[in-house]
Each structure stands twice: as structure tokens, then as C-alpha cells.
**Student:** 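Please read through the structure below; I'll follow up with questions.
What you see below is based on every heavy atom in this structure, not just the backbone, and it leaves out hydrogens, waters and symmetry mates. Proteins come first, then strands; the chains are lettered A, B, ... in the order of their sequence lines, and each starts at number 1.
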Protein chains: 2
Amino acid sequence: MKSPSQPRDRGIPEATVARLPLYLRALHGMAERGVATVSSEDLAVAAGVNSAKLRKDLSHLGSYGTRGVGYEVEYLVYQISRELGLTQDWAVAIVGVGNLGRALANYGGFASRGFRVAALLDADPEVVGDTIAGLNVEHIDELEAVIKRRGVSIVVLATPAEAAQEVCDRVIAVGVTSILNFAPVVLSVPDSVDVRKVDLSIELQILAFHEQRKAGGPLMAVDSQ
Amino acid sequence: MKSPSQPRDRGIPEATVARLPLYLRALHGMAERGVATVSSEDLAVAAGVNSAKLRKDLSHLGSYGTRGVGYEVEYLVYQISRELGLTQDWAVAIVGVGNLGRALANYGGFASRGFRVAALLDADPEVVGDTIAGLNVEHIDELEAVIKRRGVSIVVLATPAEAAQEVCDRVIAVGVTSILNFAPVVLSVPDSVDVRKVDLSIELQILAFHEQRKAGGPLMAVDSQ
DNA sequence: ATCCCTTTGTGAACCGATGCACAAAGTAAC
DNA sequence: GTTACTTTGTGCATCGGTTCACAAAGGGAT
Ligand SMILES: NC(=O)c1ccc[n+]([C@@H]2O[C@H](COP(=O)([O-])OP(=O)(O)OC[C@H]3O[C@@H](n4cnc5c(N)ncnc54)[C@H](O)[C@@H]3O)[C@@H](O)[C@H]2O)c1
Ligand SMILES: NC(=O)c1ccc[n+]([C@@H]2O[C@H](COP(=O)([O-])OP(=O)(O)OC[C@H]3O[C@@H](n4cnc5c(N)ncnc54)[C@H](O)[C@@H]3O)[C@@H](O)[C@H]2O)c1
């Protein structure tokens, strides 16, 4: 029971927060393989980042390493988990149980880290009542009631684009402040609400841009003029 | 047939490239609604960004606006499309036709912008031979042959994590240099290859982090020590 | 042709993130 | 205890990206 320094910096840089899950994943792998301690260099390689960056990231949580040795894997797993809020579990609702919503509902990796799919909702009477991954699909009219009853704090939007803003407004109205949006629309929300979007189509377009540069790169100058 | 300035900057900032698809989406919406020209201010609002940023982004492509007026919607759509490489069409292969791969294959939004799902591949004999979204699922042993035959230049990885690196190595070996990875692993690839990852679990963890701050923020100091 | 109004394109200040490089802090061996 | 070695934690220079704010450019009215 040592008492390590705990500078517990309020305000961890956003870029750091985005990498913590990566470190956590690498650390879990190491823990499984029985690794007890790890150096910033090794962990950095496993997570695919630069070791100085990794050390700076971790330094924002506190001074959890031992100079000359490295970081204790179990301990670091715990500290990062706590920082990310993974020591509690989070009830997630998936709204829109189509192609994508179904895949998400069936996905096991969800539950693994404190995220529990607590509700599935859809507007289509054909789908409502179905059981998917052990969960009953409920009607979108029940949205507010279900969110309150199950203590849902994170909503995953997998509806068509046209329905996304409306559902978004409704869940915010009942107090949800964290939304993961798969619909290809810019949601408009108050500042107090966090929206993260996953947009497959944008990712492909970015790849296409670079692919084009690689392929026709230098001779692209064949201008149509 | 005017001849606008064409500074055609080599080297568009990465952050700009990532936003171009957003502008393009907003512009398509406007074109559909019959809007002929748009100001940076209006387009910025539609895309959810700051107008100065939008103008600077567009300025990297060339001087396509008219002072006092704005941008011609159709013309801008064309310029951005061309810059992103969407004037040609791209053959995409999806490897791993499970929950997620199936959802992707069935997704219509794919084809809409020059991306064509040209092949589905899986290792499971149960799945191979199935027809999904009009496409025959082929065996992973055929990977190299299929990629060459269909001219696939972008590969979507939707296999389990354990298989991802191996499939990745194989597609790179046949010349693929653009990969969209859904598996929760850090792929190791040569610098010449672009990998973009979509990681649902990381997104949720980032949301949880902020949610925790919002909820228990100030009173979090209830340390377990 | 001149004036007024709108909106672009960009210089410059600012801000957060990255990565180098090293002093400080620890272990281990003798 | 001293020395040799390892690895963290961080100061600092640098970089890419954002935002402000305004001069330059164009349109339209008179
Ligand atoms: N499937 C993919 O691979 C993929 C990829 C990228 C983006 N997306 C986006 O994800 C979203 C879902 O895609 P999908 O392929 O699952 O579509 P889908 O049409 O298969 O499913 C949408 C589901 O939402 C339900 N729905 C419609 N309106 C609703 C409402 N108001 N409230 C609740 N549910 C409602 C429909 O009944 C349907 O079950 C779309 O916005 C799509 O653009 C999907
Ligand atoms: N389903 C989701 O919502 C979701 C969300 C986030 C991440 N992911 C990730 O996406 C990947 C796929 O998820 P899923 O839910 O579709 O899993 P899944 O198990 O349903 O599908 C995986 C498919 O890959 C095939 N496969 C296995 N080894 C292969 C190989 N060597 N070559 C080709 N195909 C092979 C399997 O036969 C199976 O059909 C996983 O890595 C998962 O972690 C999925």
C-alpha cells in the first residue's frame, strides 16, 4: 500500500484521453500473458505510439511508474480504468435496430469493458418485439420511459439520417448527455452534451484521397483545362 | 468557362482533408434543395464548423469563391469531389462477413459516392457461398486472386482481432495500400500504407470519461485510500 | 464611373500537441 | 556506501491547426 504522488491533474488533454483506451487494451493483453511490469518503450510499441508521448500521457494521471523499472501492469490497468470511468458500468441504449444496430447489439466486445446494452429501440412495428442478443426490442414511443427506467446514460444512434436529430433531441430532453452517432448528419446539441460520430463514409473518402495521391500523384498535373 | 486561379496546393492539411467530406455532404443536400450559391457562413453552419476554418480549408483547393457572393454549389461539389478522388469509382473488398461485415455489405450509403463493394471474403465454410446484398461470399484462400481480378484498392477489415494482422499482411503483399480496420488491434504496416481505424469501444470509453467528469466531477475526490 | 455593401482569402497571433533530450530517481551489484 | 545502469518525468523547441480580423475583390445601384 504505497502512497504514490497523486497530482490528479484536472483537465487531461483530449488527445491523451483518446489514447488511454489504446494503452488499456495493450495492458490487458500483457496482463493476460502474465507480464508483471512494462517499460514505456515496450508499452508504446504495443500501442503504436511514441514512448515520450506515452510517458507524457501517463504523467497526466499521476506518477505511477518506477524509474529504472517501468510500470506495474495491474496497477496501471486499474488507474487508467478508473480515470476513464470503467470501474462503474454504463447502461447503453441502441436506437435503430437495422443492419447496423443489430450488429452492435450482437457484438460481444461491448459488454467486456463496463458497457452494458440495456435497451434496444426501433420505430418499425415489424422489428419491435423481436428478441436480439437476449434483449427485447421496444417501441420508440417508450424511449423516455425506457431511458429513465434502465438508467441509460449513453445512447447509440443507428437510425436513418432523417430520424437522428429528432431522437437526439428527445434523449437530451430526458437528461442524456453522451451520444454516439452513426447517422451521417451533423447533430445540433447544446454544449453540455458530448457527441461522438462514427462515419464510415468519411473514412473511405479520406482513404480515397490518399489513394489517389499515391496512384496518380506526380502526373496528376494533367489538368482538364 | 472562366479560368479561376489554381494554386492547387500540393499537400492539403490532414485536418482539412478530414472535413472535405463533411462539406461535400452539406453541399449535396443544398444542391438537392435547389440552392445555387452559398456563403461560407451558411455552409459552415450546415457542416458544423467555424466559417473562417471553412474558408481556409477551401482556399487550399483553389480560389473557387466569388467575393460578395459566395460559392457556386455545383462547381464546389465538383471541385471537392475531384480533390477527394470521388470522380472515379473505387472497388472495395470486405473481409470478414460476420455481424459487422454483413451490415456493411447491406449498407446502401456505400455505393452512393463512388465506392463499390466488389468482393466479400470469409474463412468460415458456413458463410462462404452465401449471397449477401447480391454478392457471393468467397473463400479467404481466394483473397489475392479476388483482389487482383476485381481491381480492389480499398480493403475493409471486419474479421476478429486475431485474424486482422494476417489478412492485413496478405492484402498489402498484393499491393493494397488503403485499409479501413474495424478490428480492435494496432495493425503494423509499412509507412506507404494508409490505415484508418474505426473503434467503437474507444469511442464509448471517451464518452464514459467525460460522462464521469460531468456526473461525479467535483466530488470525485472520494479517494479509496 | 463612383459609391456602398457583401463576402472572400489570408496574415498573424494563439493554442494545443508532439517529440527531443536530459536531469532526477530509482535498481542492482559489489 | 559507492558505482554503473536503466527508465521515468518533464522543460523546451517545434509544429500543425484554429481563430481573429481586415484588406482586397467583386456585385449592384444610381
Ligand atoms: N450499415 C452500415 O454499415 C452503416 C455504415 C455507416 C453508416 N450507417 C448509418 O447508420 C444508420 C443505420 O444504418 P442501417 O444500415 O442499420 O439502416 P437500417 O435502415 O437497416 O436501420 C435503421 C433502423 O432504424 C429504424 N428507425 C427508423 N426511424 C426510426 C426512429 N424514428 N426511431 C427509432 N428507430 C427508427 C428503422 O426501423 C430501422 O430498423 C444510418 O444512418 C446509416 O446511414 C450504417
Ligand atoms: N459487431 C460490432 O458491432 C463491432 C463493433 C466494434 C468492433 N467490431 C469488431 O469488428 C470485427 C468483426 O466483428 P463481428 O461482430 O462482425 O464478428 P463476427 O465474429 O460476427 O464476424 C467475424 C467474421 O470473420 C470471419 N473470419 C474469421 N477469421 C477470418 C479470416 N482469417 N479471414 C477471413 N474471415 C475470417 C468469421 O468467419 C466471421 O464471419 C471484430 O474484430 C470486432 O471486434 C465489431
Side-chain angles (χ1 to χ4, degrees), chain A residues 2-20 22-23 27 30 35-73 75-76 79-80 83 191 206 210, chain B residues 2-20 22-23 27 30 35-73 75-76 79-80 83 191 206 210:
Chain A
K2 52 189 170 182
S3 153
S5 58
Q6 39 168 9
R8 192 70 57 70
D9 205 349
R10 298 284 152 199
I12 293 177
E14 198 49 38
T16 295
V17 173
R19 281 187 296 266
L20 290 178
L22 227 52
Y23 304 153
L27 286 165
M30 289 172 174
V35 178
T37 68
V38 65
S39 70
S40 63
E41 184 55 38
D42 290 353
L43 182 52
V45 169
V49 303
N50 169 310
S51 73
K53 181 150 58 178
L54 175 106
R55 287 197 298 277
K56 187 154 288 186
D57 282 343
L58 294 184
S59 78
H60 286 115
L61 316 190
S63 230
Y64 297 140
T66 308
R67 295 175 191 225
V69 177
Y71 301 87
E72 196 191 325
V73 174
Y75 187 58
L76 199 50
Q79 291 299 344
I80 295 179
E83 196 64 51
D191 288 347
I206 295 171
H210 292 296
Chain B
K2 53 190 170 182
S3 151
S5 58
Q6 40 166 9
R8 191 70 57 68
D9 206 349
R10 297 283 150 200
I12 294 179
E14 198 50 38
T16 295
V17 173
R19 279 187 298 266
L20 290 179
L22 227 53
Y23 305 152
L27 286 165
M30 290 173 174
V35 178
T37 68
V38 65
S39 69
S40 64
E41 184 56 39
D42 291 352
L43 182 51
V45 168
V49 303
N50 170 311
S51 73
K53 179 150 61 178
L54 176 110
R55 286 198 300 277
K56 187 152 285 186
D57 282 344
L58 294 184
S59 79
H60 287 115
L61 315 191
S63 229
Y64 297 140
T66 307
R67 296 176 191 225
V69 177
Y71 301 88
E72 196 192 325
V73 173
Y75 186 59
L76 199 50
Q79 291 299 343
I80 296 180
E83 196 65 51
D191 288 346
I206 295 171
H210 292 296

**Student:** I want to check one thing: is the phosphate of D/dT7, taken as OP1 and OP2, less than 4.0 Å away from some side-chain N or O of A/Ser40?
**Tutor:**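 It does not, given that no N or O in the side chain of A/Ser40 lies less than 4.0 Å from OP1 or OP2 of D/dT7.
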**Student:** Does a side-chain N or O from B/Arg19 land closer than 4.0 Å to OP1 or OP2 of D/dT18, or not?
**Tutor:**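 It does, given that an N or O in the side chain of B/Arg19 lies less than 4.0 Å from OP1 or OP2 of D/dT18.
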**Student:** Quick check for you: to the nearest 0.5 Å, what is the distance between A/Thr66 atom OG1 and A/Tyr75 atom OH?
**Tutor:**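 So the gap between those two atoms works out to 9.5 Å.
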**Student:** How many Å lie between NE2 on A/His60 and P on C/dG16, as a whole number?
**Tutor:**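 Going from NE2 in A/His60 over to P in C/dG16 covers 12 Å.
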**Student:** Contact class for A/Ala15 (heavy atom, under 4.0 Å): base, sugar-phosphate, or nothing?
**Tutor:**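 Sugar-phosphate only.
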**Student:** Find the distance B/Lys53:NZ to C/dC15:C1' and express it as a whole number of Å.
**Tutor:**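 Nearest whole value for this atom pair: 13 Å.
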**Student:** Relative to the 5' end of DNA chain C, which residue comes earlier, A/Pro13 or A/Ala52, by the nucleotide with the nearest heavy atom?
**Tutor:**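 Nearer the 5' end of the strand: A/Pro13.
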**Student:** Is the distance from OP1 or OP2 of C/dG9 to the nearest side-chain N or O of B/Tyr71 less than 4.0 Å?
**Tutor:**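 For B/Tyr71, the contact criterion (side-chain N or O under 4.0 Å from OP1 or OP2 of C/dG9) is met.
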**Student:** What is the minimum heavy-atom distance between B/Thr37 and B/Val35, and which atoms define it?
**Tutor:**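 For B/Thr37 and B/Val35, the tightest heavy-atom pair comes out as O-CG1, 3.3 Å.
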**Student:** Quick check: any donor-acceptor pair below 3.5 Å linking the side-chain of B/Lys56 to the base of D/dT19?
**Tutor:**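 In this structure, the two groups form a donor-acceptor pair.
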**Student:** Write down the distance between CG (B/Leu61) and C1' (C/dT8), rounded to a whole number of angstrom.
**Tutor:**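 Going from CG in B/Leu61 over to C1' in C/dT8 covers 14 Å.
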**Student:** Starting at atom CD of B/Glu41, determine the distance to atom P of D/dA21, rounded to an integer number of angstrom.
**Tutor:**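 Distance check: B/Glu41 CD to D/dA21 P gives 15 Å.
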**Student:** If I take atom OH in residue B/Tyr64 and atom C1' in nucleotide D/dG26, what distance separates them, rounded to the nearest angstrom?
**Tutor:**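 Atom OH in B/Tyr64 sits about 19 Å away from atom C1' in D/dG26.
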**Student:** If you round to the nearest 0.5 Å, how far is CG of A/Asp57 from OH of A/Tyr23?
**Tutor:**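 One gets 3.5 Å once the value is rounded to the nearest 0.5 Å.
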**Student:** Does D/dC20 have OP1 or OP2 sitting under 4.0 Å from an N or O in the side chain of B/Asn50?
**Tutor:**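 For B/Asn50, the contact criterion (side-chain N or O under 4.0 Å from OP1 or OP2 of D/dC20) is met.
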**Student:** Using heavy-atom distances to pick each residue's nearest nucleotide on DNA chain C, tell me which of B/Val69 and A/Arg67 is more 5'.
**Tutor:**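 First, find each residue's nearest nucleotide; the 5'-ward one identifies B/Val69.
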**Student:** State, with a plain yes or no, whether a side-chain heavy atom of B/Leu61 is found less than 4.5 Å away from one of B/Leu20.
**Tutor:**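 B/Leu61 reaches B/Leu20 side chain to side chain.
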**Student:** Just the rounded figure in Å: distance from P of C/dA17 to CD of A/Glu14.
**Tutor:**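 Rounding to the nearest Å, CD of A/Glu14 and P of C/dA17 are 8 Å apart.
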**Student:** Taking all atoms of both residues into account, what is the closest heavy-atom pair of A/Leu76 and A/Leu58, and its distance?
**Tutor:**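 Closest approach of A/Leu76 to A/Leu58: CD2-CD1, 3.9 Å.
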**Student:** Send over the distance from B/Asp57 CG to D/dT19 P, rounded to a whole Å.
**Tutor:**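 It is 11 Å, rounded to the nearest whole Å.
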**Student:** Provide, to the nearest angstrom, the distance between the CZ atom belonging to B/Arg55 and the P atom belonging to D/dC20.
**Tutor:**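 From B/Arg55 CZ to D/dC20 P: 11 Å.
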